[in-house]
There are 2 protein chains.
Amino acid sequence: MSAKENQALKQVLREHELKATSQRIALLKLLNGAIEHFDAEEIYLELRKRQKNVSRATVYRSLEALVDQKLVNKLDFGDGRMRYEQSKGEDEHHDHLICECCGKVIEFFNLEMEAQQLAVCEEHNFFPSTHTMHIFGTCANCQHIQTHAQLASDSN
Amino acid sequence: MSAKENQALKQVLREHELKATSQRIALLKLLNGAIEHFDAEEIYLELRKRQKNVSRATVYRSLEALVDQKLVNKLDFGDGRMRYEQSKGEDEHHDHLICECCGKVIEFFNLEMEAQQLAVCEEHNFFPSTHTMHIFGTCANCQHIQTHAQLASDSN
DNA sequence: CGGAAAAATAAGAATGGTTCTCATTTGCGC
DNA sequence: GCGCAAATGAGAACCATTCTTATTTTTCCG
């Protein structure tokens, strides 16, 4: 089964003109089922934990190659390091709500917003390639926590 | 006249609970009339050029203090360094079109888009504090240049 | 399957933006 | 003017990322 998955991933890599090295396969496998957005260091450590011998440099180079081939998305949440997620296809674009309290990232997609963006580009004769839209704030859960903390301190 | 400007800037700093040091005044003065978005190194070099003795550390620390006080905006265009611009007030929010070809940054504001953002937040019970919306692509001018280059190579 | 050429890797040095340390200086209330 | 808290200068430290170079793998072809 794992052998079959390996074979499939090898295929994917070859279709994208990338040599199917064990490191790249392990990397894709890691990102494959992941819901979270990993940074390079987390990926490096996780691959190490899984007994794969990988160097940091390879993690970065492989990620870059995979991003170039659009197999992986590179995300910038503005905290000084990049995150990576498996790309689910050409048309899976989404934007992000980022909780400043717990770091949780909520993905969303809003068609009207995308339409507005195109309108703005047209207005400025600007030809768009990609965009990032990050809304920072407090998620529902952290709002509750803060409310409770507030109540507790008020009662003193 | 410069003395008067200095006095005014001192006042501004004091109103924001910041000591009015010569370095901070020089920094504010530099950002004051600037249309461009400077990075910390550019600010450091420019202040040096103006015979102000400032250290890099002070540039970073002062910028941070000014950003905290919302006298300055910190912008992340995703190229590994932060840019700074004078803040024109609480309600001067704008987003950016960033040319991947020449680096030009065009500011825009679109009310409908802002409204959509609030709608998305509400939908997710998310309480927004700030957001960044960056559209990367090619500006009108660079599109012309590329078209010309294309025509030139086609005629070979 | 074996062997060669090209590409990828490991390890760690180097880089670049930013932050920290600590001794010295400065702003400002008294 | 004095004194103390806060700010500064200089450079070390930091951290994510990229580069270097010798070594290892992959792929391809006979």
Side-chain angles (χ1 to χ4, degrees), chain A residues 6-7 9-28 30 37-69 71-72 74-84 103, chain B residues 3 6-7 9-28 30 37-48 50-69 71-72 74-84 103:
Chain A
N6 280 8
Q7 213 50 44
L9 292 175
K10 261 190 190 177
Q11 191 60 27
V12 171
L13 285 168
R14 295 229 180 85
E15 281 166 7
H16 288 269
E17 304 189 327
L18 296 172
K19 287 200 178 179
T21 65
S22 66
Q23 291 86 343
R24 288 174 179 170
I25 292 170
L27 217 170
L28 276 182
L30 171 58
H37 302 95
F38 293 116
D39 64 39
E41 186 67 12
E42 288 167 342
I43 291 169
Y44 170 71
L45 292 175
E46 184 57 31
L47 292 179
R48 287 251 143 180
K49 203 184 291 172
R50 296 187 186 184
Q51 319 295 335
K52 313 292 178 187
N53 61 322
V54 187
S55 69
R56 252 176 274 262
T58 295
V59 169
Y60 280 101
R61 275 180 305 219
S62 297
L63 283 171
E64 194 179 325
L66 293 170
V67 168
D68 282 349
Q69 292 300 317
L71 292 171
V72 168
K74 190 175 183 177
L75 308 172
D76 181 0
F77 294 154
D79 64 345
R81 62 201 147 142
M82 294 302 185
R83 314 291 171 121
Y84 299 88
Chain B
N6 280 8
Q7 214 49 45
L9 292 175
K10 262 189 189 177
Q11 190 60 25
V12 170
L13 285 167
R14 295 229 181 87
E15 280 166 8
H16 289 269
E17 303 189 328
L18 296 172
K19 286 198 177 178
T21 65
S22 65
Q23 292 85 345
R24 287 173 180 171
I25 292 171
L27 218 170
L28 276 183
L30 172 58
H37 302 94
F38 292 116
D39 64 39
E41 186 66 12
E42 287 167 342
I43 292 169
Y44 169 70
L45 292 175
E46 184 57 32
L47 292 179
R48 288 252 143 180
R50 296 189 187 183
Q51 320 296 334
K52 313 291 178 189
N53 61 321
V54 187
S55 68
R56 253 177 272 262
T58 296
V59 170
Y60 280 102
R61 279 180 301 220
S62 298
L63 283 170
E64 195 180 323
L66 293 170
V67 169
D68 282 350
Q69 292 300 317
L71 292 172
V72 168
K74 189 176 184 176
L75 307 172
D76 180 0
F77 294 154
D79 63 346
R81 61 202 148 138
M82 294 302 185
R83 315 290 171 121
Y84 300 87

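Chain letters run A, B, ... following the sequence lines, proteins first and then strands; every chain starts at 1.
In this structure, the helix from dC1(C)-dG30(D) to dC30(C)-dG1(D) shows an angle of 30° between the axis at its start and the axis at its end, each fitted on 5 base pairs and rounded to 10°.
Nearest-nucleotide assignment on DNA chain C puts the 5′-proximal partner with K74(B), out of A20(B) and K74(B). For the pair D39(A) and R61(A), both in contact range of DNA chain D, the more 5′-proximal nearest nucleotide belongs to D39(A). Looking at which nucleotide of DNA chain C each of A40(B) and L18(B) is closest to, the 5′-most match is held by A40(B).
Note: CZ (R14(B)) to P (dG29(C)) measures 7 Å, nearest angstrom. In this structure, CZ of R24(B) is placed 10 Å from C1' of dT8(D), rounded to the nearest angstrom. Rounded to a whole Å, the CD atom of E17(A) is 14 Å from the P atom of dT27(D).
Looking at heavy-atom distances under 4.0 Å, R83(A) makes no contact with the nucleic acid at all. Among the protein residues, E41(B) comes within range of no part of the nucleic acid, since none of its heavy atoms lies under 4.0 Å from any strand.
With respect to the salt-bridge test (charged N to carboxylate O, under 4.0 angstrom), the residues D79(A) and R81(A) qualify. Electrostatic pairing of E46(A) and K49(A) counts as a salt bridge here, judged by a charged N lying under 4.0 Å from a carboxylate O.
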Inset, instruction - Could you please spell out the steps behind the side chain to side chain contact (heavy atoms under 4.5 Å, CB included) verdict for E42(B) and D39(B)? - result: CA-CA 5 Å; E42(B) 287 167 342; D39(B) 64 39; 3.4 Å; yes
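For the pair R48(A) (side chain) and V54(A) (backbone), a donor-acceptor distance under 3.5 Å is present. Proximity of a side-chain donor or acceptor of R14(A) to a complementary backbone N or O of A20(A) within less than 3.5 Å is not detected.
Checking the phosphate oxygens (OP1, OP2) of dT18(D), no side-chain nitrogen or oxygen of Y60(A) falls inside 4.0 Å. Side-chain nitrogen and oxygen atoms of T21(B) include none within less than 4.0 Å of the OP1 or OP2 phosphate oxygen of dT26(C).
Taking a 6.0 Å sphere around CD of E17(A), one finds it holds 12 or fewer heavy atoms contributed by other residues, nucleotides or ligands.
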